[in-house]
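Below is one structure; the comments refer to it alone.
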Amino acid sequence: MRLLRWEAYCAILGFLLTQVFVLVPGPYPMALFTFVAQPLFALAAIGYLIKVMADLRRRRSLETT
Amino acid sequence: MNIGFREIVMVLGTLMCVVGVIFCVRTARARFDQIEARRKEVDLGITRIPALSLERLIAFASLIVLPAGAVFLANYHTFEGVHEVRGCASCHVMLPMVNDMRDPKSGTLAARHYKNRWIAEDQCYTCHSDYGLGGNLEAKMTGFRHLARYTTHTYHEPIRARVRFDNKNCLNCHGGTPKFEAVQSHHTAYEKLVSNEMICLNCHGQAHPTSLQRTPGSANYARLMEAMK
Amino acid sequence: MGAGNTPEGENELRSSDFSRREVLLTLGGLGAAVGAGAAMWGGLELMVRSRQTVDSWNKAVCRFCGTGCGVMVGMRDGRVVDVRGDELAHNKGVICIKGSMLPELTRIQGRLMSPKIRKDGKLADASWDEAMGLVAAKFAECIHEFGPDSVAFYGSGQLFTEESYTANKLFKAGIGTNNVDGNPRLCMASAASGYVSTFGKDEPPGCYADADYADCFFLIGTNTYECHQPIFERIRQRKRLNPNTVIICVDPRRTKTAEHSDMHLPVIPGTDLLLLNSMAFVILDEALHDQQFIDKHVRFSDGEHDVDQAAFQKFLQPFAPEKVEQELGVSAADIRRVAYLFAKSPATMSLWTMGINQRIQGTFLNNTINSLHLITGQIGRPGATPFSLTGQPNACGGVRDTGALAHALPGGRLVANPGHRAEMEKIWNVPEGTISGKPGFDAVNLFRAMEDGRVKAALIMCTNPGASLPAAGRYHAAMERCFTVVSDAFEDSETQRHAQVVLPAALWIEKQGVTGQGERRYQLTPKLLDPPGQARSDLQILTDLAARLGHDKLIAARTPQAVWNEWREVSTHSLYNFNGITYDRLEKQRGLQWPCPAEDHPGTARRYVEGDDPFVTKGAGIEFYGNHDKKAVVYLRTYTPSPEKTSAEYPLYLTTGRVLEQFHTGTMTDRIAELHKATGNATFDLNPEDANKLGVQAGDRIEVKSKYGAVVGQARATQVSRPGVIFAAFYDAKLLVNRSVSDNYDPTSKEPEFKVTAVSVRKVTA
């Protein structure tokens with residue numbers, strides 16, 4: 001893989017929202033965390049895993065023979 | 001100073017988020033196909049590892065491990081922090097309930113339980129124990145729905161509960177006690193109480209201020225919105 | 001905005017952090033995340049919707065007692081799935097176990113599905129046309145041959161107001177007989193005559209909310225805990241918030257109410273007028289009275305002439321506590337204590353029902369309770385009021401206010417008063433002289449008239465006199481002799497067994513109508529279900545009968561709303577004016593208390609009080625405008641022991657009452673499994689000392705016998721009954737206790753004395 005740009009940017013946004021919530025556990029931070037930050041992290045992780053799988057496939061690391 | 005889980009979550013969570021941002025910035029800037037060309041190995045003092053491996057580890061940490069950790073810690077607030085009364089009180093639509101509960105002149109069930117200290121702490125949660133980690137899935141879903149509605153202001157005041165209140169919340173403490181057993185009607189209706197066909201409040205009255213009292217503009221509304229000591 | 005993509009090979013040591021592509025991808029990621037969040041929310045909404053067990057909540061009124069609790073009826077797929085207390089109604093969301101079982105009421109087995117006519121001794125199904133044709137023909141025949149007074153209507157405090165009003169109008173202004181009476185005669189007549197003679201107008205002046213302000217509750221002749229439970233809960237709530245509140249309970253039995261009271265006075269049955277007069281003695285003797293209030297608002301009378309306060313005080317001399325304690329069964333010290341608490345508490349509220357009303361001296365007892373409030377000024381303020389509790393859900397609104405009683409006309413008028421008759425004839429637009437000046441038969445006398453043939457045809461609706469009349473056995477034969485038509489929701493009552501025609505009636509929310517409960521509050525019950533089989537509402541039955549008897553022009557209003565609007569207009573010609581209580585307001589609000597003369601009037605919480613009551617003259621403060629001199633009357637009421645005083649032959653007192661889980665004769669509640677199981681079969685409750693003397697053990701079958709009849713039932717020993725007193729509830733047809741109960745009645749109110757019968761008890765073997 002070459003880049004993990006948007007995945008990292010999404011994760012950064014996620015961390016920022018999470019940071020706010022961790023310090024200020026009110027309803028609005030909680031909503032932003034639950035409905036936005038968590039999906040952002042999920043997307044970042046999915047993007048990452050897809051790229052890792054593609055990279056491993058390309059390098060034939062997943063073949064058993 | 002009282003150090004509880006809440007404070008630990010705040011500190012660790014901050015740590016995780018800060019480290020996470022730093023790592024993510026690094027991950028964003030990394031060009032994985034060109035790292036080996038630039039530098040073969042990194043000297044960490046106690047060992048030497050390939051630079052590519054380091055970047056990959058950092059990427060893994062920043063996109064999988066640290067987010068998981070941060071989410072886990074932050075959800076403490078979501079699932080355990082809601083036990084506390086101040087958690088409920090953080091939404092203004094709940095203020096009438098919280099203020100009424102703390103009002104020694106009020107005769108609602110919430111106020112009476114609070115005034116007589118029949119519940120030591122986390123008074124809201126003790127009766128509404130469906131919320132939080134210990135509650136059932138349906139109750140959690142209901143809680144999240146409330147959160148979405150509240151923060152997007154897609155609700156109407158006075159708010160009303162749409163899903164039934166589970167009598168188990170009453171019976172957990174009151175069921176089987178001598179006073180409970182002494183009342184004939186509890187036996188008459190026992191099956192219906194346990195199956196939630198009939199609600200305890202039918203005989204025992206209001207738990208909280210009525211929907212009318214909680215309507216903005218009504219006579220009691222201003223008084224109920226005033227914080228009680 | 002960064003520069004475009006750097007070509008490979010150049011600038012390879014530094015990657016451009018913010019190329020447009022990356023920004024767009026990130027924004028896309030953010031959008032996708034928000035979308036995912038929204039999708040999560042959508043999923044939550046769908047989940048919650050699918051978990052709801054109720055489609056709609058509908059405001060209604062409980063079917064059972066006179067508390068008249070507001071309830072919310074939860075409907076799903078055309079069935080009642082839940083009933084809860086209405087938090088916005090006067091009862092603040094509190095109902096009792098019976099109200100909680102209302103969903104079961106809508107599913108009871110044993111509903112009457114078709115009209116029936118008795119042929120060869122058995123009731124056989126018939127069509128409506130056949131049945132109503134027969135009824136109309138029979139009534140017409142009797143009226144033609146023997147005159148209007150040969151027919152009668154016996155109604156109920158459980159019919160809707162529209163129904164009682166229509167029946168009253170049909171019989172009095174159509175057929176021309178005043179033989180219109182009903183089961184409120186058996187329960188509230190003494191309260192009505194008491195209020196009327198004291199204040200000039202019927203109905204409690206206070207409201208249920210007074211219980212939130214009283215400091216002293218004087219409960220006499222009421223087992224409020226069991227029979228008006230939401231009201232007792234309100235009293236207890238008052239005590240929780242104000243621990244200094246005192247609850248005094250006067251009752252021969254140590255009921256659940258007595259157990260939860262601060263003082264219990266176990267008076268000997270039939271003697272409590274001694275207590276009330278004695279309290280009045282103490283209040284005046286120890287200067288606990290409010291002279292200012294008396295001077296301004298009170299007149300004294302011996303029943304025939306006005307007298308002065310000195311005469312009243314002299315009259316009370318024989319009632320000094322030390323002189324009455326023996327006969328009363330309560331110590332002089334207790335009498336003095338109660339008198340002090342009553343007079344000197346900041347606010348005193350009295351509550352009473354059948355223990356006071358169902359008595360030979362019911363009217364006098366009511367007068368004297370009212371008098372105690374008047375001489376102490378404990379009236380017309382929050383928490384201070386004499387409150388007569390009503391037994392049935394619509395005795396007040398449906399029967400007392402509409403004047404559906406043998407001596408009455410709508411709005412407090414009397415048939416014996418020519419001016420009142422002329423007024424009603426004008427209002428109802430019938431020729432002068434249509435309404436008879438002869439009062440009709442009250443309940444007991446009505447059935448006696450059926451017995452000896454003076455009344456030849458009777459329509460009985462929504463009540464079970466076969467079980468609820470005193471000396472019940474006697475009147476079964478009466479119903480068989482007469483052409484008795486019964487309208488009922490359930491099969492096979494003690495009354496139907498002796499009827500010639502039985503008509504299936506709609507129950508509770510199967511019809512729409514207004515009820516008026518104990519605090520003058522009119523509330524609406526909506527129609528939410530269809531009646532089963534061929535059942536119809538009693539209003540439909542009455543309007544059908546009216547048409548068949550040729551009175552369709554008189555009874556032109558045929559829907560509940562039309563009748564209500566007519567009755568509303570009629571009320572404007574009296575002090576019972578509730579013109580402001582429109583159907584629209586009844587639908588939107590949790591009932592309204594009359595007087596309510598205009599649509600913007602909020603209703604009257606406390607009558608005779610300026611500001612609340614629109615009929616009080618400005619500046620008067622408190623004004624008893626029902627009487628010509630605007631004063632209330634304190635009567636000198638002599639004590640007469642009950643004719644049913646115990647003797648060697650009948651050494652015990654039998655008294656009757658209700659239990660929490662059962663309503664009246666049990667035709668509804670005893671058919672609900674949970675309630676039936678809770679009470680089991682009715683038993684005779686006697687004190688262990690008496691049981692011992694009689695050689696009776698718990699579980700033995702005993703015969704309880706009086707001059708009027710004998711009843712056999714199972715005995716239960718309990719400390720609740722005071723020595724010398726035996727009790728049975730009347731919900732069980734298998735223990736028809738009313739067979740033994742005396743049918744002596746109060747000469748003014750004509751209400752029978754259910755509470756005091758001298759009986760003998762013996763063990764029955766096998």
Side-chain angles (χ1 to χ4, degrees), chain A, chain B residues 6 9-34 55-56 58-60 62-71 73-78 80-82 84 86-94 143-144 146-152:
Chain A
M1 61 192 170
R2 293 170 57 208
L3 293 172
L4 286 168
R5 279 282 164 76
W6 68 266
E7 289 90 347
Y9 292 150
C10 284
I12 287 170
L13 279 174
F15 278 121
L16 289 173
L17 291 173
T18 306
Q19 173 66 83
V20 171
F21 177 47
V22 155
L23 289 177
V24 185
Y28 296 96
M30 186 192 279
L32 284 170
F33 167 75
T34 306
F35 294 106
V36 181
Q38 289 185 135
L40 275 172
F41 281 140
L43 274 172
I46 289 168
Y48 167 77
L49 287 169
I50 288 174
K51 288 193 174 146
V52 164
M53 292 302 291
D55 184 63
L56 288 172
R57 218 170 264 134
R58 191 161 38 83
R59 291 195 277 133
R60 305 220 161 127
S61 298
L62 293 175
E63 288 169 21
T64 48
T65 48
Chain B
R6 190 182 155 103
V9 160
M10 285 180 170
V11 168
L12 275 182
T14 303
L15 197 63
M16 234 174 249
C17 287
V18 166
V19 171
V21 169
I22 293 171
F23 278 21
C24 275
V25 167
R26 192 183 168 116
T27 301
R29 295 170 67 141
R31 297 198 68 125
F32 291 89
D33 49 346
Q34 294 173 8
E55 294 308 321
R56 283 180 177 160
I58 288 172
F60 180 66
S62 67
L63 294 175
I64 303 289
V65 177
L66 287 170
V71 163
L73 283 173
N75 271 312
Y76 169 82
H77 285 319
T78 305
E80 289 297 313
V82 295
E84 297 176 38
R86 68 176 153 180
C88 306
S90 63
C91 292
H92 87 273
V93 284
M94 281 296 153
F144 284 126
H146 292 166
L147 182 67
R149 285 281 184 143
Y150 180 75
T151 51
T152 54

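Lettering of chains follows the sequences in order, A, B, ..., and the numbering in each one begins at 1.
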Under 3.5 Å donor-acceptor, A/Thr34 side chain and A/Ala31 backbone: no

Is any side-chain heavy atom of B/Tyr150 closer than 4.5 Å to one of B/His92? yes

With a 4.5 angstrom heavy-atom cut-off, could you sort out which part of B/Leu66 is near chain A: side chain, backbone, both or neither? both

For B/Leu63, is it the side chain, the backbone, both, or neither that has a heavy atom closer than 4.5 Å to a heavy atom of chain A? both

Counting only non-hydrogen atoms closer than 4.5 Å, does B/Ser62 touch chain A with its backbone (N, CA, C, O), its side chain (CB onward), both, or neither? backbone

Measuring from B/Phe60:CZ to A/Leu49:CG, what's the distance to the nearest 0.5 Å? 8.5 Å

Considering only heavy atoms and a distance below 4.5 Å, find which of B/Val21, B/Ile64, B/Val71 pairs most often with chain A. B/Val71

Of the listed residues (B/Ala148, B/Ser90, B/Gly13, B/Pro67), which shares the most heavy-atom pairs with chain A below a 4.5 Å separation? B/Pro67

Side-chain touch B/Met16/A/Gln19, heavy atoms, less than 4.5 angstrom: no

Max heavy-atom pairs within cutoff under 4.5 Å with chain A, candidates B/Leu73, B/Thr14, B/Asn75, B/Val18, goes to B/Thr14

Which answer fits B/Phe144, side chain, backbone, both or neither, if we ask what part of it has an atom under 4.5 Å from a heavy atom of chain A? both

Go through the atoms of A/Tyr28 and report whether side chain, backbone, both or neither lie under 4.5 Å from a heavy atom of chain B. both

Heavy-atom distances under 4.5 Å only: say whether A/Phe21 touches chain B with side chain, backbone, both or neither. both

Do B/Arg6 and B/Glu80 sit within salt-bridge range, that is, some charged N less than 4.0 Å from a carboxylate O? no

Any side-chain heavy atom of A/Asp55 sitting closer than 4.5 Å to one from A/Lys51? no

Measure distances from B/Tyr76 to the heavy atoms of chain A and classify the residue's part below 4.5 Å as side chain, backbone, both or neither. neither

Output yes when a side-chain donor or acceptor of B/His77 lies under 3.5 Å from a complementary backbone atom of B/Val82, and no otherwise. no

